[in-house]
Structures are given as structure tokens and as C-alpha cells.
Amino acid sequence: MKGGSLSFLFVLLIATITSVICFSDGMLPNGDFELGPKPSDMKGTQVINKKAIPSWELSGFVEYIKSGQKQGDMLLVVPAGKFAIRLGNEASIKQRLNVTKGMYYSLTFSAARTCAQDERLNISVAPDSGVIPIQTVYSSSGWDLYAWAFQAESNVAEIVIHNPGEEEDPACGPLIDGVAIKALYPPRPTNKNILKNGGFEEGPYVLPNATTGVLVPPFIEDDHSPLPAWMVESLKAIKYVDVEHFSVPQGRRAVELVAGKESAIAQVARTVVGKTYVLSFAVGDANNACQGSMVVEAFAGKDTLKVPYESRGKGGFKRASLRFVAVSTRTRVMFYSTFYSMRSDDFSSLCGPVIDDVKLLSARKP
């Protein structure tokens, strides 16, 4: 092969690799806000030019916050890097991104409230939108990672994060940082499991430096679950945890039930009336100092099972199973934690039992 042809192939290969990198899962362009506005585009902490922050378009009262900045007696902390943004009353940030029409995506972002107890965020990619309440703080740093999903209606998605609050102080509002995206691939049932995504391997993007896990909000806030096939049927979020930062019973991902009976997860499976099934699963702790007596309650149609687990907060799990006879062609499988738990090394962080490796199979006749 001639040198020119080799050079062409090399360039083509580099171009292909580059295009793959451009569309890989991870942080949005300037999703960490480390590229900031010029001094001429600032008035104190307020950004006065709507296109001053690279890759983003701003609307309303938006502040550019540096880690360690003071607000009254409070010191504002940034979870990663040196900068974040704050959305004042009715303020928003948006970014347009090339996506694949019809594909499902999950957004992950860090948020912290700074003033009001009842702060909320409106996340939207038209026509999908959801209001995520952030008044419950799950970690001692004040920052939590949230996930929200959408289905792309076209090849361009306009991602908008909006603060619908109306505070007396226009500078009050949530802090935002670390906005990332991940393509979701809806799993299918197999001959080894009637349930889909039973190991929770398919889910939202977890930031590499995030040690808190990702909160998946209640399904009433989300038409498309960031945890494919599963619904969060509760008032509070559940937490998606990874093997890099937590103890996981099986595979690389699991779910932590962090808010007692207010933190439930469910899936509806197709069943045959009169047929016997076995629901099996693992219950453990995430190795995050969540100690004490825990109980996971499992439901399959009209049948229930309580699984006690004595946690030392250092990882570990046990397996359990529930045998039942289907009374409907659609059986709801659900899990929640009986008790509230707090980390023994951090009394302001909610925690709870981990569930993983959830399987539903028809039982063989004896």
C-alpha cells in the first residue's frame, strides 16, 4: 500500500475515534463551569451577558460562584473543581446538544440549596420536563447528585435547568455543578430473568469523583426513568450506587433505599395466572458506615416478605427469596426499607439497605 493511502487511512481512523469521543457518555461541554465569563461580563458575582459562560446560554439572575466564597455566615463549597453557578429567581441555563432521535438519555447533575427550605429545579428537554425537589439533603456536604431522563424527539436536544422559585432575595437559589449525560439502552427480559435490569447495571451516569451516589427522584417527576424498567414509587428518592465507591452485592451497580418507607422501587412483570414464581434478590449494606438493624420488605402481587439484615456498615449481603402464585397477568414487584437509617460517622446523611441481583423466574413443578 502506498504512503498516501496509509496516511489517508490514519487520518480516517483518527477522525472516527474523535467522533466517538465527541458522543461518549460524560460531562457536557463545560458542564463543570470551570470555563467562566470575562471580568467585563460580570457585575460582582452576577453574569450580565447571557452567552458569557462558554457552551451555555443564561437567562435571568445567574451568579458565577467560586469555591470558598462567603454568603453571610455561610461558606459556599463546590463539589469538584473551583466554580459553580447559582440560579436566582426564575433564572435558567440551557445548552443545545446533538443526540439521536428516539434514544433515551439520562442527565446527572450536582445541586445544593443555599437559602430556602423549599427549593426546586425544573429540568426540561421539550416536550419532557420534571420538577425535582431538593429540600431534603442526603449528604453532609449539602451537595447531592440527581438524575433525570428524557427521550429525544429530534436530533438536537435543548437542555434547560430552571429555578422556578420566588424568593425575596433574588440572589437566593440553588447551586448547580457537574452536568453530565448518558445514553440509556432499555433492557429486555431474558430466559434467566422475567424482570428487566434486575442487576441495575443500566442507569444514570455516575461522575468519576462522586462519592455520594446518584439520587433517582420519584417517578411522578419523571416520565422516563433514569433507571430503565424501574419506577421510584415513593415520596423520596432512591440512591444509585457504584462499585467504585460502595460495596455492591453483584456486578457494578446497585440501589440503596435511603428514606425508609418513603423510598420504594417497583417494576411490573408479565405473569401467568395460577403459575408459581420465585422472586430472589440480595440485601446488604453499601460499606458507608450505615450500621444497625435493617429490614427490606419485598412485595410480589399480594405476597410479601420481610428480610432482616444486621449491618456493621462495612459491606456484606445476604440472599432471600419469595415464592408466590400469580393472581394476575401483570404482577407488581416492589421493595422498600422498613426503617430510616443515618450513617454512624455522619448523622446528617441518610442511608439504608442495598438491594441488587433481583430475579423473577417461574418455579418448576415438584
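Being a predicted model, the structure only gives us computed values, none of them experimental.
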(request) Give a yes or no on whether R96 atom CZ has more than 12 heavy-atom contacts from other residues, nucleotides or ligands under 6.0 Å away. (result) no

(message) Salt bridge or not between K182 and E202? Use side-chain N to carboxylate O under 4.0 Å.
(response) yes

(message) Which residue is it: I123, L207, V214? I am looking for the one with a side-chain contact (heavy atoms from CB on, under 4.5 Å) to F109.
(response) I123

(request) Inspect the contact between E244 and R253 and indicate whether a charged nitrogen and a carboxylate oxygen are less than 4.0 angstrom apart. (result) yes

(message) I need the minimum non-hydrogen distance between T212 and K239, along with the two atoms involved.
(response) O-NZ, 2.9 Å

(request) Kindly give the heavy-atom pair with the smallest separation between K236 and A259, and that separation in Å. (result) CB-CB, 3.6 Å

(message) Please determine whether a side-chain nitrogen of the Lys or Arg among D285 and R312 lies less than 4.0 Å from a carboxylate oxygen of the Asp or Glu.
(response) no

(request) Run the numbers on F83 and Y64 for ring pair (Phe, Tyr, Trp, His ring centres under 6.0 Å), then give the verdict. (result) CA-CA 7 Å; F83 298 96; Y64 193 61; 4.9 Å; yes

(request) Could you walk me through whether Q291 and S311 pass the side chain to side chain donor-acceptor pair (under 3.5 Å) test, one step at a time? (result) CA-CA 5 Å; Q291 298 178 11; S311 173; over 6 Å; no

(request) For residues V268 and M231, report the shortest heavy-atom separation together with the two atoms involved. (result) CG2-CE, 4.2 Å

(message) Looking at E233 and R332, is any side-chain nitrogen of the basic one under 4.0 Å from a carboxylate oxygen of the acidic one?
(response) yes

(message) Could you go through E310 and S293, starting from their C-alpha distance and side-chain angles, then the distance that decides it, and tell me whether this counts as side chain to side chain donor-acceptor pair (under 3.5 Å)?
(response) CA-CA 5 Å; E310 198 64 33; S293 298; 2.8 Å; yes

(message) One pair to check against side chain to side chain donor-acceptor pair (under 3.5 Å): N163 and E119. What are the steps and the verdict?
(response) CA-CA 8 Å; N163 171 25; E119 284 186 357; over 6 Å; no

